[in-house]
Student: 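Below are the structure tokens for one structure; questions will follow.
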2 protein chains.
Amino acid sequence: MAEARKNEAVSLSRTRRTLPIALLRAREQLMDRFRPMLLSHGVTEQQWRVLRVLNENAEMDATDLAEKACVLGPSLSRIIKALEARALIHVGKHPKDGRRAVIKLSHEGQQFVETVARESAAIYKTIEAKVGADRIGSVLNDLEELTAALQSPD
Amino acid sequence: MAEARKNEAVSLSRTRRTLPIALLRAREQLMDRFRPMLLSHGVTEQQWRVLRVLNENAEMDATDLAEKACVLGPSLSRIIKALEARALIHVGKHPKDGRRAVIKLSHEGQQFVETVARESAAIYKTIEAKVGADRIGSVLNDLEELTAALQSPD
DNA sequence: TCATTATCTTTAACGTGTTAAATATATAGG
DNA sequence: CCTATATATTTAACACGTTAAAGATAATGA
């Protein structure tokens, strides 16, 4: 059994100690705590990101919304249909540029966001209590630096 | 424009400075650098994770493989079919437990992993050069601590 | 003005994520 | 031995991720 554990440790150091997988695992651990709540409100994680971004920006076109909510264009097209069908958002056209959509929260959408945001904040607090706000801050700083470094030219 | 930038900064501090989104963004930045290479070899990111884990473990059942490769059971079922159809893996049954599968790399699979692993390592090195090995190590440590804290009881 | 090129959004096709349920085999208790 | 329960894997259904391409509108230049 000591031997088996040794082999496992070796394999972990190879695939697990790699940035993409470490990021994926950490994210799974986190989302496992949010998903049941989102499911109970009938939204997916991605739909929720879109709603939150809209709540902070009043009016956006699809390109900006996709960028800030971290979803791809094709996914956003489907999400917009779903959210519009539930009357959580309004979709119009830009008056000066017929290509652009103008997307905003409906009144129901705003109320929905408030409700879910409260529950989301409560879950985030339990995570903070467990992990430590300082550690979360340090991870966020590291991740921002990492992302910035990857985006820099060359 | 200074005003527009200020608004943007505020919104970023709200949705962007949140653990799930920061993890997602960092991961996207990284995978954008690996995906074209994987696509050129005809494997998805998830299939590649499965192959790598198999390369480090010789023989596994589906449950362990799914856990270590960070894919869900239903996804693994589909991935196994795809990789078996390409003869990159062999799938058998556990001799003492008819429920379990026994999955291992084929000879072609081993060669495939070697080829792709070389290119993958080269890409990882360019990332290391850009980001700094020290920073990567620090992010990995933070993420491991975060994941451990989230998994701890209560 | 007209054709060309660029930009915004959607559609298509296929693979994966997620949840629930089905299937098959093992194990435990009576 | 037989039934009930647990475990391993697959299937189903629906949403998103990813790439490529199509459709629609703007901007550009001859």
Side-chain angles (χ1 to χ4, degrees), chain A residues 20-21 24-25 27-51 59-67 69-86 89 91-103, chain B residues 20-21 24-25 27-51 59-67 69-86 89 91-103:
Chain A
I21 290 182
L24 184 56
R25 280 188 190 282
R27 192 157 192 291
E28 290 313 304
Q29 291 288 329
L30 278 173
M31 293 316 300
D32 285 350
R33 307 195 167 228
F34 288 101
R35 253 190 288 273
M37 181 276 287
L38 294 176
L39 181 61
S40 79
H41 288 287
V43 283
T44 66
E45 182 191 330
Q46 294 87 350
Q47 291 172 350
W48 173 235
R49 286 205 302 271
V50 167
L51 290 172
E59 272 194 7
M60 306 184 78
D61 64 28
T63 301
D64 288 352
L65 181 51
E67 203 284 324
C70 237
V71 298
L72 294 178
S75 297
L76 184 60
S77 279
R78 294 176 292 221
I79 289 171
I80 285 174
K81 274 186 206 165
L83 296 179
E84 195 181 17
R86 287 176 67 181
I89 62 175
V91 182
K93 283 219 162 186
H94 188 104
K96 306 202 171 172
D97 186 341
R99 296 168 299 183
R100 277 185 167 70
V102 175
I103 306 158
Chain B
I21 291 183
L24 183 57
R25 279 189 191 282
R27 192 158 192 290
E28 290 313 305
Q29 291 289 328
L30 278 172
M31 292 316 299
D32 284 349
R33 307 195 168 228
F34 287 101
R35 253 190 288 272
M37 182 275 288
L38 294 176
L39 181 62
S40 79
H41 288 287
V43 284
T44 66
E45 182 192 328
Q46 294 86 348
Q47 291 172 350
W48 173 234
R49 286 205 303 272
V50 167
L51 290 172
E59 270 195 7
M60 307 184 78
D61 63 29
T63 302
D64 287 353
L65 181 50
E67 203 284 325
C70 236
V71 297
L72 295 176
S75 298
L76 184 60
S77 279
R78 296 176 290 221
I79 289 170
I80 286 174
K81 274 185 206 164
L83 296 180
E84 195 181 16
R86 286 176 67 180
I89 62 175
V91 182
K93 283 218 162 187
H94 189 104
K96 306 205 171 169
D97 187 341
R99 296 168 300 181
R100 278 184 165 69
V102 175
I103 306 157

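So you know, we letter chains A, B, ... as the sequences are listed, proteins then strands, and number each from 1. Values below: every heavy atom of this structure, side chains too, minus hydrogens, waters and symmetry copies. Small disclaimer: the values here were computed from a predicted structure and weren't measured.
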Student: Output the rounded distance in Å from CD1 (B:Ile103) to C1' (D:dT10).
Tutor: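 B:Ile103 atom CD1 is separated from D:dT10 atom C1' by 12 Å.
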Student: Please determine if a side-chain N or O atom of B:Thr63 lies less than 4.0 Å away from the OP1 or OP2 oxygen of D:dT7.
Tutor: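 B:Thr63 to D:dT7 OP1/OP2: no side-chain N or O under 4.0 Å.
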Student: Reading DNA chain D from 5' onward, which residue's closest nucleotide shows up sooner: A:Gln47 or B:Pro36?
Tutor: A:Gln47
Student: Would you say C:dT9 has OP1 or OP2 under 4.0 Å from some side-chain N or O of A:Lys81?
Tutor: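 No, because none of the side-chain N or O atoms of A:Lys81 sits under 4.0 Å from OP1 or OP2 of C:dT9.
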Student: Both B:Glu28 and B:Ala62 contact DNA chain D. Taking the nearest nucleotide for each, which residue is further toward the 5' end?
Tutor: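 Here B:Ala62 is the residue nearer the 5' end.
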Student: Please report, rounded to the nearest Å, how far the P atom of C:dT9 is from the CG atom of A:Leu76.
Tutor: 9 Å
Student: Kindly give the heavy-atom pair with the smallest separation between A:Cys70 and B:Arg25, and that separation in Å.
Tutor: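 Looking at all heavy atoms of both residues, the shortest contact is SG-CG, 3.5 Å.
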Student: Is B:Gln46 close enough to C:dG17 that one of its side-chain N or O atoms is under 4.0 Å from OP1 or OP2 there?
Tutor: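 Yes, such a contact exists.
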Student: Please state how far atom CZ in A:Arg49 lies from atom C1' in D:dG17, giving the value in whole angstrom units.
Tutor: 11 Å
Student: What is the distance from atom CD1 of B:Ile103 to atom CD1 of B:Ile80, rounded to the nearest 0.5 Å?
Tutor: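 Going from the CD1 atom of B:Ile103 to the CD1 atom of B:Ile80 covers 3.5 Å.
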Student: With sugar-phosphate meaning primed atoms plus P, OP1 and OP2, does A:Thr44 contact a base, only sugar-phosphate, or nothing at under 4.0 Å between heavy atoms?
Tutor: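 The residue A:Thr44 makes sugar-phosphate contact but no base contact.
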Student: For DNA chain C, whose closest nucleotide is more 5', that of A:Arg100 or that of A:Arg35?
Tutor: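 Looking at the nearest nucleotide for each, A:Arg100 comes out on the 5' side.
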Student: When the distance from NE2 of A:His94 to P of D:dA26 is rounded to whole Å, what number comes out?
Tutor: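 Result: 10 Å.
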Student: For the pair made of CG in B:Leu39 and P in C:dT16, what is the distance, rounded to whole Å?
Tutor: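 So the CG-P distance, B:Leu39 to C:dT16, works out to 13 Å.
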Student: For A:Thr63 and A:Leu65, run side-chain contact (heavy atoms from CB on, under 4.5 Å): C-alpha distance rounded to whole Å, both residues' side-chain angles, the deciding distance at 0.1 Å, then the answer.
Tutor: CA-CA 5 Å; A:Thr63 301; A:Leu65 181 51; over 6 Å; no
Student: NA contact type, B:Ser77, heavy-atom cut-off 4.0 Å: base, sugar-phosphate, or nothing?
Tutor: base
Student: Has the side chain of A:Arg78 got a donor or acceptor that lies under 3.5 Å from a partner of the other kind on the base of D:dG17?
Tutor: yes
Student: Rounded to whole Å, please give me the gap between CG in A:Asp61 and P in D:dT25.
Tutor: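 Taking CG of A:Asp61 and P of D:dT25, I get 16 Å after rounding.
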Student: Just checking A:Lys93: base, sugar-phosphate only, or nothing, at a heavy-atom cut-off of under 4.0 Å?
Tutor: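 No contact.
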Student: As a quick check of understanding, evaluate side-chain contact (heavy atoms from CB on, under 4.5 Å) for A:Glu45 and A:Arg35, giving each step before the final call.
Tutor: CA-CA 7 Å; A:Glu45 182 191 330; A:Arg35 253 190 288 273; 3.1 Å; yes
Student: Under 4.0 Å between a Lys/Arg side-chain N and an Asp/Glu carboxylate O for B:Arg33 and B:Glu28?
Tutor: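 Here B:Arg33 does not pair with B:Glu28 in a salt bridge, since their nearest N and O are not under 4.0 Å apart.
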Student: Take atom CG of A:Leu72 and atom C1' of C:dC14, then tell me their distance rounded to the nearest Å.
Tutor: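 Distance, rounded to whole Å: 15 Å.
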Student: Would you state whether a donor and an acceptor, one from the side chain of B:Arg99 and one from the base of D:dT7, lie under 3.5 Å apart?
Tutor: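 Between D:dT7 and B:Arg99, which were checked side chain against base, a qualifying N/O pair under 3.5 Å is present.
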Student: Taking any heavy-atom pair under 4.0 Å as a contact, classify B:Ala82: base, sugar-phosphate, or nothing.
Tutor: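 If one applies the 4.0 Å heavy-atom cut-off, B:Ala82 turns out to touch nothing in the nucleic acid.
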Student: Which part of the nucleic acid, if any, lies within contact of B:Ile79, taking any heavy atom under 4.0 Å across all strands shown: a base, the sugar-phosphate backbone alone, or nothing?
Tutor: sugar-phosphate
Student: Roughly how many Å is it from CD in A:Glu45 to C1' in C:dT16, rounded to a whole number?
Tutor: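 Checked: the CD to C1' distance equals 14 Å.
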Student: Test your reading of the model: is there a side-chain donor-acceptor pair from B:Arg100 to the backbone of B:Asp61, 3.5 Å cut-off?
Tutor: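 The answer is no, because no donor-acceptor pair under 3.5 Å joins these two groups.
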